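Bear in mind that the values here come from a model prediction, so they are computed numbers and not experimental data. Computation of the quantities below employed the complete heavy-atom set of this structure, encompassing side-chain atoms and omitting hydrogens, waters and symmetry-equivalent molecules. Chain identifiers are assigned alphabetically (A, B, ...) following the order of the sequence lines, protein sequences preceding nucleic acid strands; residue numbering begins at 1 within each chain.
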There are 2 protein chains.
Amino acid sequence: MSSRNSRKRILDAALDLITRRGEAAASMAEIAGAAGVSRQAVYLHFADRAALMLALVRHADEQRGLEREVRKIREASNAVAALREMVAVHARMNPGIWAAARAVDAVRRTDQAAERSWQDRLKYRLEGCRQLVARLHNEGSLRRGLDSSVAADLLWTLTSLRTWEDLVLERGWSARRYQTHVTALLLAGLTNAGN
Amino acid sequence: MSSRNSRKRILDAALDLITRRGEAAASMAEIAGAAGVSRQAVYLHFADRAALMLALVRHADEQRGLEREVRKIREASNAVAALREMVAVHARMNPGIWAAARAVDAVRRTDQAAERSWQDRLKYRLEGCRQLVARLHNEGSLRRGLDSSVAADLLWTLTSLRTWEDLVLERGWSARRYQTHVTALLLAGLTNAGN
DNA sequence: GGTAAACTTGACATCGTGTCAAGTACAGTC
DNA sequence: GACTGTACTTGACACGATGTCAAGTTTACC
């Protein structure tokens, strides 16, 4: 059963490679080399580059325990606490995810399968945002006069990987700084509490 | 003086091509073909793909009258009005800029010249955000307890092309919806006024 | 008519992706 | 101990894109 082993080794190597160098794209040959398999072996496990990148994101999610983190948000004692937790989860998880996500973002423009999977991911996160906004609404915390779908979209954008990238990678914010001020902005913009 | 003509024709064709198809990247050969010149002629005017893409963004800026729009922000009667105008400018300009900017964003990861130019652009916009925040501060409109540099970074992120992309392209917001709610969020998050 | 700049033509090197075919290593099975 | 299937390797190939080079052509200007 060397199959699963190779597959995992390829994903680990690719994740390591992409995460390590951040921006620069790793070629299939490099990934194969890093995993200690032939270039063709990669194609035995993944149809093409897009498929590998998609598997990579899922792999990164698993390794980081995404589900458990998401559960934490849902299990928060109230809506505002859930919102705080959501930002905290992003502050914790994004450093390990962004490189792989970036790679998919790059490939999705030419690959319809990658694009579909990307959209799925977006919808999934959007759904989480909707639920959180609904909870804010139910608890009377949603800013008066603010449409729920608008609030969900704003929450979704402000907790996106891109916003995180801008603030943390581009502007050099620490995880703590990111968490503090994005939370504050969301509380000020979406809830009644002025924080 | 066919030099400037060809250069302009190439830029026009490239902008048209990239804007039209949005996502998919246009090859040098396609751009040359669309401009009605040989592939090599493109290399006579632009050192490489990155140089072309950079020139493209500047070209798009000029065509859209970026400077005049930016001046409008500075000439607003007060800081809050300037903030409103800033979002309005983005709502107006981004549709014509984003495709070209996207192309540079894609190329900057492998090209240091593109990366530098991209950073210049970011700093320029950030400087505008800093000035606006300083003005808010001077006029006593900046939210109490909010650090100026934090406020500038938040303003910068919320008025970024990426945020615009998320809301308008991904979530299907109209320009008007974008302008209204991003402005409201900024007013709620960065100023004392509750909108 | 001569010259220089802009441009074309066609060839070429390089690199990355993806495919194909033949061979090897190593299970488990009779 | 041969038999077979699966995972994997090796090496070749087609394709498309970028970027370079050299030689020829057009055009405008003097």
Peer 1: To the nearest Å, give me how far apart CG (Asp48(B)) and C1' (dC21(D)) are.
Peer 2: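 Taking CG of Asp48(B) and C1' of dC21(D), I get 17 Å after rounding.
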Peer 1: Quick check on DNA chain D: between Val37(A) and Glu30(B), whose nearest nucleotide comes earlier from the 5' end?
Peer 2: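 Here Val37(A) is the residue nearer the 5' end.
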Peer 1: Let me confirm one number: the CG-CG distance from Asp105(A) to Asp105(B), rounded to the nearest 0.5 Å.
Peer 2: 8.5 Å
Peer 1: Taking atom P of dC15(C) as reference, at what distance in whole Å does atom CE of Met28(A) sit?
Peer 2: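 These atoms are roughly 19 Å apart.
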Peer 1: Cationic tip of Arg121(B) within the cone over Trp118(B)'s six-membered ring, i.e. under 6.0 Å and within 45° of the normal?
Peer 2: no
Peer 1: On the nucleotide dA6(C), are OP1 or OP2 found under 4.0 Å from the side-chain N or O atoms that Ser6(B) carries?
Peer 2: no
Peer 1: Could you state the atom-to-atom distance from CG of Leu44(B) to P of dT20(D) in whole Å?
Peer 2: 11 Å
Peer 1: Which residues pass the salt bridge (charged side-chain N to carboxylate O under 4.0 Å, His left out) test with Asp120(A), sequence neighbours left out?
Peer 2: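 For Asp120(A), no residue satisfies salt bridge (charged side-chain N to carboxylate O under 4.0 Å, His left out) once neighbours in sequence are set aside.
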Peer 1: Measure the distance from CD1 on Ile31(A) to C1' on dG16(C) and round it to the nearest whole Å.
Peer 2: 12 Å
Peer 1: With His181(A), which residues qualify under side chain to side chain donor-acceptor pair (under 3.5 Å), at least two apart?
Peer 2: none
Peer 1: Which is true for Ser38(B) with a 4.0 Å heavy-atom rule: it touches a base, it touches only sugar-phosphate, or it touches nothing?
Peer 2: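 If one applies the 4.0 Å heavy-atom cut-off, Ser38(B) turns out to touch a base.
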Peer 1: Could you tell me the separation between the CZ atom of Arg9(B) and the C1' atom of dC7(C), rounded to a whole number of Å?
Peer 2: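 So the two atoms are 11 Å apart, to the nearest Å.
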Peer 1: Excluding sequence neighbours, so at least two apart, what forms side chain to side chain donor-acceptor pair (under 3.5 Å) with Arg92(B)?
Peer 2: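 If we apply the side chain to side chain donor-acceptor pair (under 3.5 Å) test to Arg92(B), skipping adjacent residues, the hits are Glu69(B), Glu85(B).
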Peer 1: Should the side chain of Gln40(A) and the base of dT19(C) be counted as holding a donor-acceptor pair, with the cut-off at 3.5 Å?
Peer 2: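 Checked by distance alone, the answer is yes.
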Peer 1: Could you check how far CZ of Phe46(B) sits from P of dC7(C), rounded to whole Å?
Peer 2: 11 Å
Peer 1: Leu52(A) has an atom CG; how far is it from atom P of dT17(C), in whole Å?
Peer 2: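 Going from Leu52(A) (CG) to dT17(C) (P), I get 10 Å.
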Peer 1: Whole-Å distance between dG16(C) P and Tyr43(A) OH?
Peer 2: 11 Å
Peer 1: How do Ser27(A) and Val42(B) order along DNA chain C: which one's closest nucleotide is nearer the 5' end?
Peer 2: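 The residue mapped nearer the 5' terminus is Val42(B).
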Peer 1: Just jot down the salt bridge (charged side-chain N to carboxylate O under 4.0 Å, His left out) partners of Lys123(B), sequence neighbours excluded, or say none.
Peer 2: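 Once residues adjacent in sequence are excluded, Lys123(B) has no partner under the salt bridge (charged side-chain N to carboxylate O under 4.0 Å, His left out) criterion.
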Peer 1: Is there a donor on the side chain of Arg39(A) or the base of dG18(C) sitting less than 3.5 Å from an acceptor on the other?
Peer 2: yes
Peer 1: What residues form a side-chain contact (heavy atoms from CB on, under 4.5 Å) with Ala134(A), not counting sequence neighbours?
Peer 2: none
Peer 1: Quick check on the helix from dG1(C)-dC30(D) to dC30(C)-dG1(D): what's the angle between its two end axes, five base pairs per end, to the nearest 10°?
Peer 2: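 Overall, the helix from dG1(C)-dC30(D) to dC30(C)-dG1(D) bends by 10° from one end axis to the other.
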Peer 1: Strictly below 4.0 Å: does His45(B) bring a side-chain N or O up to OP1 or OP2 of dA6(C)?
Peer 2: no
